[in-house]
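Okay, structure first, notes after.
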Amino acid sequence: MKLNTDKREDLYNKYGKFIEVDTKLDRALVSFQANKKEIFYRWFKYKEGFSKRLVKYFLNKYHPNPGNILDPFAGVGSTLFAARELGWDVTGIEILPVGIYAFISRLASESINIEDFSYEISKFKSEFKLNNNINGKIKHISITEGAFSEETELYIENFLIYCDTISDEKIKQIFKFSAFSILEEISYTRKDGQYLRWDYRANKSWGKTKFNKGRILPFYEAITKKLEQICQDLKYGNGNDLFSIVNENNISLKYPKLLQGSSLELMPQLESDHFDLIMTSPPYCNRYDYTRTYALELIFLGYDDEQVKNLRQEMLSCTVENREKFEILKGIYEKSNKIIDFEKIIKMYKSHEAMFEVNSVLDSLNAKKLLNNLNIPRMVKNYFLEMAFIIFEMYRVLKNNGFVIMVNDNVRYGGQEIPVDLILSDFAVDFGFILEKIWTLPVGKGNSSQQMGSHGRTELRKCVYVWRKSN
Ligand SMILES: C[S@@+](CC[C@H](N)C(=O)[O-])C[C@H]1O[C@@H](n2cnc3c(N)ncnc32)[C@H](O)[C@@H]1O
């Protein structure tokens, strides 16, 4: 089938010269792997996070003098914690309770009394007893039912009851956070992007191949290991931790602000011309479902089926289940008397030819049943619609000459490359940004090519876009 690629080619011809490989940007630096030595990231693995080193690398490159920074998709707060160490005043927005909980726990750990914490761990080891007759504290949702053995579940519930006897609120937080951080290890599941993968021992009948995740740690072993790891890390750090940074550089750390909710709703409420820099990584347009991947953590935090479903809908659209938010967005802008902004964004969005080419190509592939899910075109449309709002707001909240540094990957569906980097950068230019650079990670064989329609031959660009506001 011959599909149109003209508009995407035009975009490539317009912006191709801004795409450049940065040899320092390897996969590890961009992904959370580079955090291995950072103590917090050993406690809770948020694999969707980018690395602290990446944040520092770009801040030093584009804005060595600290100012106000925003991350509208803050995750566990990598931008916020890294920038704060360089003296920035930091604000984040995050919707997923998982990132928020990890962020709050990390902050609590900074001011915990380590001797008291150590004492509480010894006390726990000597006093903790399993009571078989308790009223369950964990309420499952359909997709987590059976994720733990009965024994493990009983341990978790007893542990949560035990935590409530700890009087120091910060220590209690770290105890609970420790249990939160081991849920995957002690369960029959493995995080797998679009869903939870089930080990054969869970006796679930689905799945063609038998999946064995390896040793499943008993709760008591896992929790004592985690508590001791956190305690050791807080006591001795690794020379790279907060305490040594503060002491060596003699900086006073600003208190990080994390706004809880959707950026689509909260960004329009932020002050105009306030931030010097935005460093962020939005969800990619890749069907990754945070609410399924983190379902165990969500039920641990007390989320029920309804709340998880609502959360999925409120998040930036990147799954095939997300419904369009046009009316919701209109409501947000009406409520804050910003309907003119709303209309401006929609006007830009509706005139975007390359995006429409992508949409119509995906619709034709869908009509021929060539996509492996019927809702892929809807997801892609939603993604661009919502990102148009985010980019408009980014421009508004930045000071003149302020930067956006955004990590994102391109995607491909039905063999069609979707140049997310070029489309979003073109949105940005339409709103007044200057495209400074699209840094890409070095690729394997061959190079990123402009053959937009080619089937699976080109390597998809993994990028860091740099835009600058110009009034
Ligand atoms: C790629 S991750 C960013 C991770 C972050 N850079 C870190 O290092 O932890 C994207 C984040 O956007 C969050 N998110 C998705 N939709 C959102 C929305 N509407 N408002 C705010 N955050 C959202 C997700 O929960 C996720 O944590």
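This is a predicted model, so every value here is computed, not measured. When a ligand or atom number is given, it counts from 1 through the structure's own listing order.
The closest protein non-hydrogen atom to atom 16 (N) of ligand 1 is L316 N, 3.0 Å. S263 N, 2.9 Å is the protein heavy atom nearest to atom 20 (N) of ligand 1. The nearest protein atom to atom 25 (O) of ligand 1, hydrogens excluded, is given as E94 OE2, 2.5 Å; this is a heavy-atom distance. The nearest heavy-atom contact from the protein to atom 8 (O) of ligand 1 is S78 OG, 2.5 Å. Regarding atom 2 (S) of ligand 1, its nearest protein heavy-atom neighbour is Y290 OH, 3.5 Å.
For the pair R190 and F211, the cation-pi test (distance below 6.0 Å, angle within 45°) is failed.
For atom 1 (C) of ligand 1, the candidate residues are S281, S262, C318; the nearest heavy-atom contact is made by S281.
D89 has a carboxylate O that lies under 4.0 Å from a charged side-chain N of K257, or vice versa, which qualifies the two as a salt bridge. Residues D304 and K139 are not paired through a salt bridge, judged by the lack of any N-O separation under 4.0 Å between the basic side chain and the carboxylate. Of the charged side-chain nitrogens involved, none lies within less than 4.0 Å of a carboxylate oxygen, so that E324 and K381 do not count as a salt-bridged pair. Taking a cutoff of 4.0 Å between a charged side-chain nitrogen and a carboxylate oxygen, E297 and K191 qualify as a salt bridge.
Taking 4.0 Å as the cut-off, G261 counts as a neighbour of ligand 1 on heavy-atom distance.
With a 4.0 Å heavy-atom cut-off, ligand 1 is reached by no atom of Y284.
Checked against a 6.0 Å centroid threshold, the rings of F81 and F103 count as neighbours.
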